[in-house]
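Shown next, in C-alpha cells, is the structure this report addresses.
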4 protein chains.
Amino acid sequence: MPASAGVRRRGAVRSEEARLAVLEATGRLFATQGYDHLTIEGIAAEAGVSKQTIYRWWSSKSAVVADALIEDLLLPDRPVVPDTGDIRADLIAWMQDLLDLVAQPGNDGLVRSLVAAACESTDIGIRLNDALGITATVSARIEAAVAAGQLPADLPVIEFVRALVGGFVLHSLERSEPAPEAAERLVRALLH
Amino acid sequence: MPASAGVRRRGAVRSEEARLAVLEATGRLFATQGYDHLTIEGIAAEAGVSKQTIYRWWSSKSAVVADALIEDLLLPDRPVVPDTGDIRADLIAWMQDLLDLVAQPGNDGLVRSLVAAACESTDIGIRLNDALGITATVSARIEAAVAAGQLPADLPVIEFVRALVGGFVLHSLERSEPAPEAAERLVRALLH
Amino acid sequence: MPASAGVRRRGAVRSEEARLAVLEATGRLFATQGYDHLTIEGIAAEAGVSKQTIYRWWSSKSAVVADALIEDLLLPDRPVVPDTGDIRADLIAWMQDLLDLVAQPGNDGLVRSLVAAACESTDIGIRLNDALGITATVSARIEAAVAAGQLPADLPVIEFVRALVGGFVLHSLERSEPAPEAAERLVRALLH
Amino acid sequence: MPASAGVRRRGAVRSEEARLAVLEATGRLFATQGYDHLTIEGIAAEAGVSKQTIYRWWSSKSAVVADALIEDLLLPDRPVVPDTGDIRADLIAWMQDLLDLVAQPGNDGLVRSLVAAACESTDIGIRLNDALGITATVSARIEAAVAAGQLPADLPVIEFVRALVGGFVLHSLERSEPAPEAAERLVRALLH
DNA sequence: CCATAACCGAGACGGTACGTCTGGTCTTCAA
DNA sequence: TTGAAGACCAGACGTACCGTCTCGGTTATGG
C-alpha cells in the first residue's frame, strides 16, 4: 500500500520542463566556461528560467552541478574500461583514453572544473566517483583481477583506484605536455 | 665596475615592506577563510596596502597565492618524510602525519583550498608540487630506496609520487572519516 | 474591461521609497558638499540604497541631480518675485533676496554647484531655468509690465530674463563681496 | 647687470621649457577634451613632464588652467569688439562673433568648460573676465558710448557687461539651437 | 465552481567584490 | 636642487552576481 502518496498537496506541480532546461543549460555552460565561471544568473538566462525557480529547488551552484553530474549531462562520452583479461593492459588502455579525452581541444579545463567543483561541495566530491563510473567499473575489474590471482589478495581496492585516478588528476592539474608513455608509466608505478 | 648592473631605471623602487605585507596577509587569510573566500580587497585591507599596489605586481588572486606558496607562507609547518631505512614504514609515517595535519580543526579545508587554487592557476598547479617539498624530499627517498634495491629499478618515480599524493588528495576531497589504517592502506595499494 | 491598462510588465515594481531616498540624500549632500564632491557611492550610502539601484534608474550623477532639481529637493526655499505693480522695485527686491540667499553661510557654493552641474549636463542646464521658477514667475511679471506699458512692447522677454539671471550668476562666480547696492545696480543696468 | 638680483639661490633653476610644455599641453587637452575630463596625469603625459613637476609649481588642476588662461593658450582666437561709432551695432556684431565661435564644431563645450573651470576656482572666475578681454575692451566701448551720450550717464557699466556676457553664457548652457536673431535680441533686451 | 496553494516568469532590492582609473604624496636617480 | 620616473595609499568608478523579495499570472487540487 502506498501510504507515501499521502495527502497530495495542492497547487501546481513542479515543472519537469524547467528542471531539465536548468540541468541542460548547466551542462552546456559547464562545457564552454568551466565551473568557476558558471553563474546562477547565467544558467537561468541560458535555460529561459527565472532565478527564483533555481533557488527554489537547488541550494547552491554546486547542487545544480551535482545534479547535472548524476543525470550524466556534464560528461556525456566517458571512456569505458576494456576487459581483455590482462588487467595491466586494460588499465593502460583506459588511462590512455582518459588522457586522450582531456587532450582534445575544448576539454582543456574539464578535469580542472570537475575538481574545482569537488573542492566546493562534499556532494560533488562523493558523486564524482560514482558518476565517473570509477568505483563501479574499475573497481569491479580490479576485484576480478584479484580473484583471478593477477593481483595480491589483500590489495586495498578502493585505495588502489584512488591512487590511480589521483595520479591522473594531478597529472592533469600540472598541465604536463601529453607524453605518449604517460599512461603506461602511471600504471607501472602502481603495478610493479 | 660591474657593467652588468646596467641602467638602473629611475623612480622609486618596489617596496619590499608592501610585498611582504601582502604575502603574509594572504597566508593569514588563506588559513582562516580558504582560497575561494579570499578576496583582493580583503588582502589589501589586511595588509594595509592599496588595491592598486596588488594589481601592479600580481595579475590575479591566484598569482598572489602562488607567490605566497613559494615563499612558504601558506603551509608553515609541513611534515617531513622520516628516514629509517624502511621505505614502507617511512611513507606510512609521512602519510599519517599528513592525515593528522588536515584532521586538525581549522585545517579542514586546507587541501581543498590548495587544490582549488591549483585548478585556477597553472602556476599554482606546478608550484604546488615543488612547494610541498614533495618532489624534492619524497622523490629523493624513493630513489634511494630504488638504489637500495627495496623498489624495482625501473619504477617511474614521478608517477609513483603523483599516485601517492593523488590518492591522499582524493581521500581528502571525499571528506572520508579519518580511518586509523588509512595511511597504511594507501601505501599498501602502491607497495604490494 | 479596461483595455487601456495594456500589458503591465511583470516583475516587482520600482520602489518609490528607494527613489525618494536617493533624491533626498542627493539634496542633503548637494547642500553640504556641492556638486563636484558628490559621489554615487556617497549618495547610495546616505540613502541606504545599493549603488546598483542608482545605476539601474539613473545614467549618471548629473541625471540624479537633474531629477532632484525638478523634485525641488536641491533648493527648498527659493525667493519669490514680489508683485507691487512697480516692476523695477520688484526685480530689485527679488534680486536682493537671491543675493541674500547665497550670502548665507552654507550656501557659498550653491550657485557654483548648480552652474557646474548645468555645465555637465544638458538636462540640468535646461531644467535649471524651469526649476528655478525663473521662466515661470519672472517672465510672467515682465510680460505683465510690458502689457502695462512699463516696458517696451517689443522687449525680448526671454533674453531679458536671461541677462538678469546671467548677471546674477556671473556676479556669484566672481565671489565679489556683497555690495549693498548690487541688486539695484544690476537691475538698473537693464532698466535704464 | 642688476646687482639687485642678490644671492641667486643655488641649484638648478626652474625649467621654462617644462613650464611652457605644461601650459601648452593644457591648452591642447582643454580644447579637445574640455575642462572636467582634464587630468593632471594626462597633462603630464602630454607635456612629457612628471606629475611631480606639475604639483611642485601648481596647487591644483584649476591653477594650471588659470595660468594657461592668462598666457592666452586656451582661447587663441577671440573676437574683438568692433568700433563703428554705433554702440548697438557693435555689440550685436561682437555677440554674433561669439555665437559663431562657439557654434563651430569642436567648440561645443568651450563655454561649458570655461564656466566649469570658473565654478571650481575663484582665480579662474576672476581672470576669466580679464582674459576674455571683456573688462578691458567692452567696458571701454561702453564707457565711450556713455561719454558720447548714446547711453545714460549713470549706467552701471560693470553690471551692464556682466548682464550681457551672462546672457550669452546662459544661452550657451541651454544649448539652444543657434537662432539667427539671437545676438540682436540679446542686445535689444539690454538696450531698449 | 470557486478558493486555495504552490508553481512559474520577471525583475527590483541591498550587498560584496571586481578590476580600472585618478588624485595627491613619497622616494629614488641623474643631471 | 631640479626634473623625470614611478611606487605608494586612498577611494570612486561602473559592472557582475549574489541570494532574497515581491509582483502578476498560471495550474492543479479540494471544499
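Residue numbers begin at 1 in each chain, while the letters A, B, ... track the order of the sequences.
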Heavy-atom nearest nucleotide on DNA chain F for B:Val49 versus C:Thr39: which residue maps closer to 5'?
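Here B:Val49 is the residue nearer the 5' end.
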
Pairwise 5' ranking along DNA chain F for C:Ser59 and B:Arg14, keeping only the more 5' one
B:Arg14

Just how far, in rounded Å, is [atom2] of [N] from [atom1] of [X]?
X: A:Ile54; N: E:dC8; atom1: CD1; atom2: P; answer: 11 Å
X: B:Lys61; N: E:dC18; atom1: NZ; atom2: P; answer: 7 Å
X: B:Glu16; N: E:dT28; atom1: CD; atom2: C1'; answer: 17 Å
X: B:Ile40; N: F:dG11; atom1: CD1; atom2: C1'; answer: 17 Å
X: D:Leu29; N: E:dT22; atom1: CG; atom2: P; answer: 12 Å
X: C:Gln33; N: F:dA12; atom1: CD; atom2: C1'; answer: 13 Å
X: D:His37; N: E:dG23; atom1: NE2; atom2: P; answer: 12 Å
X: D:Arg19; N: F:dT2; atom1: CZ; atom2: C1'; answer: 16 Å

For the side chain of [X] and the base of [N], is some donor closer than 3.5 Å to an acceptor across the two?
X: C:Lys51; N: F:dG14; result: yes
X: C:Ser50; N: E:dG14; result: yes
X: D:Gln52; N: E:dC26; result: yes

Could you tell me whether D:Gly42 contacts a base, only the sugar-phosphate backbone, or nothing, with contacts defined as non-hydrogen atoms closer than 4.0 Å?
nothing

Hey, does D:Trp58 reach any base, or is it just sugar-phosphate, or nothing, if we go heavy atoms under 4.0 Å?
nothing

State, with a plain yes or no, whether a side-chain heavy atom of C:Arg112 is found less than 4.5 Å away from one of C:Leu173.
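Counting from C-beta outward, C:Arg112 and C:Leu173 do come under 4.5 Å.
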
Is the shortest side-chain heavy-atom distance between C:Leu73 and C:Phe30 below 4.5 Å?
no

Phosphate contact ([N] OP1 or OP2) by [X] side-chain N/O below 4.0 Å:
X: C:Arg56; N: E:dC13; answer: yes
X: D:Thr53; N: F:dT2; answer: no
X: A:Trp57; N: E:dA6; answer: no

From E:dG9, E:dG11, F:dG3, pick the nucleotide closest to the side chain of D:Ser15?
F:dG3

Go nucleotide by nucleotide along DNA chain E from the 5' end; which of B:Tyr55 and A:Glu41 gets its closest nucleotide reached first?
A:Glu41

How about D:Glu17: does its CD atom have over 12 heavy atoms from other parts shown lying under 6.0 Å from it?
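For D:Glu17, atom CD is not crowded (no more than 12 foreign heavy atoms under 6.0 Å).
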
Lys NZ or Arg CZ of C:Arg19 over C:Trp57 ring: under 6.0 Å, within 45°:
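Judged by the rule (NZ or CZ under 6.0 Å from the ring centre, within 45° of its axis), C:Arg19 is not positioned above C:Trp57.
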
Side-chain ion pair, A:Arg127 and A:Asp67, N-O less than 4.0 Å
yes

